[in-house]
Amino acid sequence: QVQLAESGGGLAQPGGSLRISCVVSGVSITTYAMGWFRQAPGKAREFVAALKRRGGSAYYEDSVKGRFTVSCDIAKNTVYLQMDSLKPEDTGVYYCNVDRSFGVITTGTLQGTWGPGTLVTVSS
């Protein structure tokens with residue numbers, strides 16, 4: 001069974017940076033696509049970034065392109081999201097997830113469980 005543990009969130013100023021992490025247990029990211037999602041207060045969870053298995057090609061939601069970078073460490077079975085040039089609208093709870101299908105990640109149509117997420121607040 002997949003278990004996901006996000007960490008690294010916190011408070012950042014506009015224009016600042018944060019790196020969040022997600023330790024994946026139960027499956028290997030060498031065989032699963034990985035993704036990051038976020039949920040802003042009062043809004044539905046939305047797709048942010050995806051990475052093909054083994055750290056292949058990445059895909060980003062338009063509003064984060066050029067600012068966020070998704071990567072992974074296969075040895076640690078961990079996925080990262082480097083967030084630069086943060087904006088107040090990036091505020092939310094960030095979740096990671098995995099799926100055998102890259103398309104399922106990019107469309108956010110996952111059926112499995114979710115981790116607790118990590119809160120990112122961008123404010124001056």
Side-chain angles (χ1 to χ4, degrees):
Q1 184 174 349
V2 177
Q3 292 187 319
L4 307 156
E6 302 93 345
S7 64
L11 176 64
Q13 292 191 336
S17 297
L18 277 176
R19 188 179 83 153
I20 56 179
S21 304
C22 173
V23 177
V24 180
S25 303
V27 299
S28 171
I29 61 174
T30 60
T31 57
Y32 278 69
M34 300 148 269
W36 284 99
F37 305 81
R38 66 186 177 191
Q39 187 167 19
K43 295 188 177 181
R45 184 156 45 203
E46 63 176 2
F47 166 77
V48 174
L51 189 65
K52 289 190 174 180
R53 64 192 69 180
R54 293 185 174 272
S57 302
Y59 179 77
Y60 299 93
E61 191 271 329
D62 285 347
S63 69
V64 308
K65 283 181 182 176
R67 301 190 298 120
F68 289 12
T69 303
V70 58
S71 63
C72 68
D73 185 326
I74 292 174
K76 295 181 179 179
N77 221 42
T78 298
V79 190
Y80 303 99
L81 186 66
Q82 175 68 40
M83 303 182 289
D84 299 317
S85 302
L86 283 163
K87 303 177 180 180
E89 51 264 43
D90 294 320
T91 294
V93 179
Y94 282 69
Y95 303 87
C96 71
N97 217 317
V98 297
D99 196 276
R100 290 191 180 274
S101 168
F102 187 68
V104 167
I105 294 288
T106 59
T107 57
T109 53
L110 297 99
Q111 299 297 315
T113 58
W114 294 82
T118 186
L119 177 62
V120 172
T121 303
V122 184
S123 175
S124 55

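In this text, all values refer to a predicted model and were calculated from it rather than measured experimentally.
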For this session: Quick one: closest heavy-atom pair of Pro116 and Val93, and the distance?
Result: O-CG1, 4.1 Å
Problem set entry | Minimal non-hydrogen separation, Leu51 against Ala58, with atom names | CD1-CB, 4.0 Å
Problem set entry | Student check: side-chain heavy atoms of Arg54 and Ile74 closer than 4.5 Å | yes
For this session: Any chance you could lay out the side chain to side chain contact (heavy atoms under 4.5 Å, CB included) test for Val120 and Leu18, step after step, and finish with the verdict?
Result: CA-CA 8 Å; Val120 172; Leu18 277 176; 3.9 Å; yes
For this session: Dump the intermediate steps for ring-ring contact (aromatic ring centres under 6.0 Å, His included) on Phe37 and Trp114, then the final yes or no.
Result: CA-CA 10 Å; Phe37 305 81; Trp114 294 82; 5.2 Å; yes
For this session: Begin with the C-alpha distance, continue with both residues' side-chain angles, and end with the deciding distance and a verdict on side chain to side chain contact (heavy atoms under 4.5 Å, CB included) for Val48 and Tyr60.
Result: CA-CA 6 Å; Val48 174; Tyr60 299 93; 6.0 Å; no
Exercise. Is the charged tip of Arg38 near the ring of Tyr95: under 6.0 Å from the six-membered ring centre and within 45° of its axis?
Worked result: no
For this session: Keeping the roles fixed (side chain from Arg45, backbone from Gln39), state whether a donor-acceptor pair exists under 3.5 Å.
Result: no
Exercise. Does CD belonging to Gln3 count more than 12 external heavy atoms closer than 6.0 Å?
Worked result: no
Problem set entry | Approximate separation, where rounding is to 0.5 Å, of Thr91 OG1 and Glu89 CD | 8.5 Å
Exercise. Is any side-chain heavy atom of Lys87 less than 4.5 Å from a side-chain heavy atom of Pro14?
Worked result: no
For this session: Using a 4.5 Å cut-off on heavy atoms from C-beta on, say whether the side chain of Met34 contacts that of Val24.
Result: no
Exercise. If we only count heavy atoms from C-beta on, is the Ser85 to Phe68 side-chain gap below 4.5 Å?
Worked result: no
Exercise. Do the non-hydrogen side-chain atoms of Phe47 and Thr107 ever get within less than 4.5 Å of each other?
Worked result: no
Exercise. Below 4.5 Å, heavy atoms only, C-beta onward: do Asn97 and Trp36 meet side chain to side chain?
Worked result: no
For this session: Calculate, to the nearest 0.5 Å, the distance between atoms CG and OG1 belonging to Leu81 and Thr118 respectively.
Result: 11.0 Å
For this session: For side chain to side chain contact (heavy atoms under 4.5 Å, CB included), just list the numbers for Leu110 and Ile105, CA-CA rounded to whole Å, side-chain angles, deciding distance to a tenth of an Å, and then say yes or no.
Result: CA-CA 7 Å; Leu110 297 99; Ile105 294 288; 3.8 Å; yes
Problem set entry | Backbone N/O of Met83 and side chain of Asp90: donor-acceptor pair under 3.5 Å | no
Exercise. Do we see a donor-acceptor contact under 3.5 Å between the side chains of Thr121 and Ser123?
Worked result: no
For this session: Find out if a path of hydrophobic residues (ILVMFWY) with successive side-chain heavy-atom gaps under 4.5 Å connects Val70 to Val2.
Result: yes
For this session: Scan side-chain atoms only and decide if Asp73 and Thr78 contain a donor-acceptor pair under the 3.5 Å cut-off.
Result: no
Exercise. Tyr59 vs Phe102 aromatic rings, parallel, tilted or perpendicular, using cut-offs 30° and 60°?
Worked result: perpendicular
Exercise. Is the shortest side-chain N to carboxylate O distance from Asp62 to Lys65 below 4.0 Å?
Worked result: yes
Problem set entry | Donor-acceptor pair, side chain of Glu6 and main chain of Cys96, under 3.5 angstrom | yes
For this session: Can you see which heavy atom on Asp84 is nearest to which on Ser17, and at what distance?
Result: OD1-OG, 2.7 Å
For this session: Check whether the side chains of Tyr80 and Arg19 place a donor and an acceptor atom closer than 3.5 Å, and report yes or no.
Result: no
Exercise. Taking all atoms of both residues into account, what is the closest heavy-atom pair of Leu4 and Thr113, and its distance?
Worked result: CD1-O, 3.9 Å
For this session: State, yes or no, whether a side-chain contact exists between Ile29 and Val27 at a heavy-atom distance under 4.5 Å.
Result: no
For this session: Answer yes or no: is there a side-chain heavy-atom contact under 4.5 Å between Asn77 and Val23?
Result: no
